[in-house]
Amino acid sequence: LGYLGESGVLRAGRQAISWGNGLVFQPLDIFNPFSPIAIDKDYKTGDDMLYGQRAFGGKSDVQAILLPRRDPASGKLAGDQGSMAMKYHGTLAGSDVDVLLARHYDEPLLGVGLVRNMGGAVLRMDLALSDTPADGRVGSVVINADYSWVGLKRNMYGYLEYFHNGFGAHTADYAVPSPAWSARLARGELFTLGRDYLAAGIQTEISPLVNV
């Protein structure tokens, strides 16, 4: 059920929302993010939520989400299982900026995103800071860059991304992961056990219909 106005949108029901600037890892996409090894990203499992968006002059907008959930044990709606989130998107000094404030499963979350063109490449960064009962304040960050060029008379594209998982294990002993990490794994929000990851990819257009 939805309403579409000249500068605003309001929708209720099953919806898929994607936030964040990660290419492989998504610390700011807390609602059903894709796995880092997902190939098909045309379909995303959604959530039943109330979603609103308001645009301001075409250069900035605010999105808000209210997402109730049921307690897994009792089956009743529970405040500590739901999510409330608000994200502002605007421009600052030639860069796209995102600021995210959320209360997710009864934990405060602050997120900041930045996108900027530099030398023909696109640089992106997302920083997420969560306040957890067991582990205290935990920060995660993703930084990436991608670039398109012509090589060997073919269109080519490449990217490089670094991800620091603040919930990951500090050592190679993964036998007893942290409660915050276990909760995010069970909810499908996190897919990595370690602390630091580097991802790289390259694509070559063999023909207009064939890419490797």
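Counting from 1, the numbers follow the sequence of the chain as shown.
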* Flag yes if more than 12 heavy atoms outside Met86 fall under 6.0 Å of its CE atom; otherwise flag no. => no
* Examine distances only and state if a side-chain atom of Asp29 and a backbone atom of Gly20 form a donor-acceptor pair shorter than 3.5 Å. => no
* Below 4.5 Å, heavy atoms only, C-beta onward: do Pro27 and His164 meet side chain to side chain? -> no
* Report the distance from atom CG of Leu67 to atom CZ of Arg69, rounding to the nearest 0.5 Å. => 4.5 Å
* Could you walk me through whether Met49 and Ile17 pass the side-chain contact (heavy atoms from CB on, under 4.5 Å) check? -> CA-CA 10 Å; Met49 68 177 74; Ile17 303 297; 3.7 Å; yes
* Asked: So do the side chains of Phe56 and Val62 get within less than 4.5 Å of each other, counting heavy atoms only?
  -> yes
* Would you say Thr132's side chain and Gly136's backbone share a donor-acceptor pair under 3.5 angstrom? -> yes
* Would you say Tyr197 and Leu23 are hydrophobically clustered, going by side-chain heavy atoms of ILVMFWY under 4.5 Å? -> yes
* Asked: Heavy-atom distance under 4.5 Å between the side chains of Phe25 and Ser140, does that happen here?
  -> no
* Shared ILVMFWY cluster between Tyr147 and Ile202, side chains joined below 4.5 angstrom? -> yes
* Answer yes if Trp181 and Leu109 sit in the same cluster of Ile, Leu, Val, Met, Phe, Trp and Tyr residues linked by side chain heavy atoms under 4.5 Å apart, and no otherwise. => no
* Do the non-hydrogen side-chain atoms of Asn21 and Asp98 ever get within less than 4.5 Å of each other? -> yes
* To do: Report the distance from atom CD1 of Ile30 to atom CG of Leu190, rounding to the nearest 0.5 Å.
  => 12.5 Å
* Passes side-chain contact (heavy atoms from CB on, under 4.5 Å), Tyr105 versus Glu189? Steps please. -> CA-CA 12 Å; Tyr105 284 94; Glu189 298 172 20; 3.7 Å; yes
* For residues Ser18 and Gln26, determine if any side-chain heavy atom of one lies less than 4.5 Å from a side-chain heavy atom of the other. => no
* Arg11 side-chain N/O to Gly2 backbone N/O, donor-acceptor pair under 3.5 Å -> no
* **Connected via hydrophobic side-chain network under 4.5 Å: Leu77 and Leu66** => no
* From Met84 atom CE to Ile65 atom CD1, the distance as rounded to the nearest 0.5 Å -> 12.5 Å
* **CA sep, side-chain torsions, deciding dist, call: Ile206, Arg154, side-chain contact (heavy atoms from CB on, under 4.5 Å)** => CA-CA 7 Å; Ile206 303 302; Arg154 290 185 171 90; 4.2 Å; yes
* Asked: Going from CZ on Arg124 to CG on Asn144, what distance comes out if it is rounded to the nearest 0.5 angstrom?
  -> 5.0 Å
* Using a 4.5 Å cut-off on heavy atoms from C-beta on, say whether the side chain of Leu160 contacts that of Leu198. => yes
* Looking only at atom types and distance, does a side-chain atom of Ser35 sit under 3.5 Å from a main-chain N or O of Ile37, one as donor and one as acceptor? -> yes
* Please confirm whether the backbone N or O of Thr192 pairs with a side-chain atom of Asn165, one donor and one acceptor, at under 3.5 Å? => yes
* Is it the case that one hydrophobic cluster holds both Leu28 and Phe34, taking links as side-chain heavy atoms less than 4.5 Å apart, direct or via other members? -> no
* Between Phe163 and Val24, does a side-chain contact (heavy atoms from CB on, under 4.5 Å) hold up when you go through it step by step? -> CA-CA 9 Å; Phe163 173 53; Val24 179; over 6 Å; no
* Asked: With a 4.5 Å heavy-atom cut-off, do Trp19 and Phe31 have their side chains touching?
  -> yes
* Lys76, NZ atom: more than 12 neighbouring heavy atoms under 6.0 Å -> no
* Asked: Taking atom OG1 of Thr204 and atom CE of Met156, what is their separation to the nearest 0.5 Å?
  -> 3.0 Å
* Side-chain heavy-atom pair Arg184, Arg187 within 4.5 angstrom cut-off -> yes
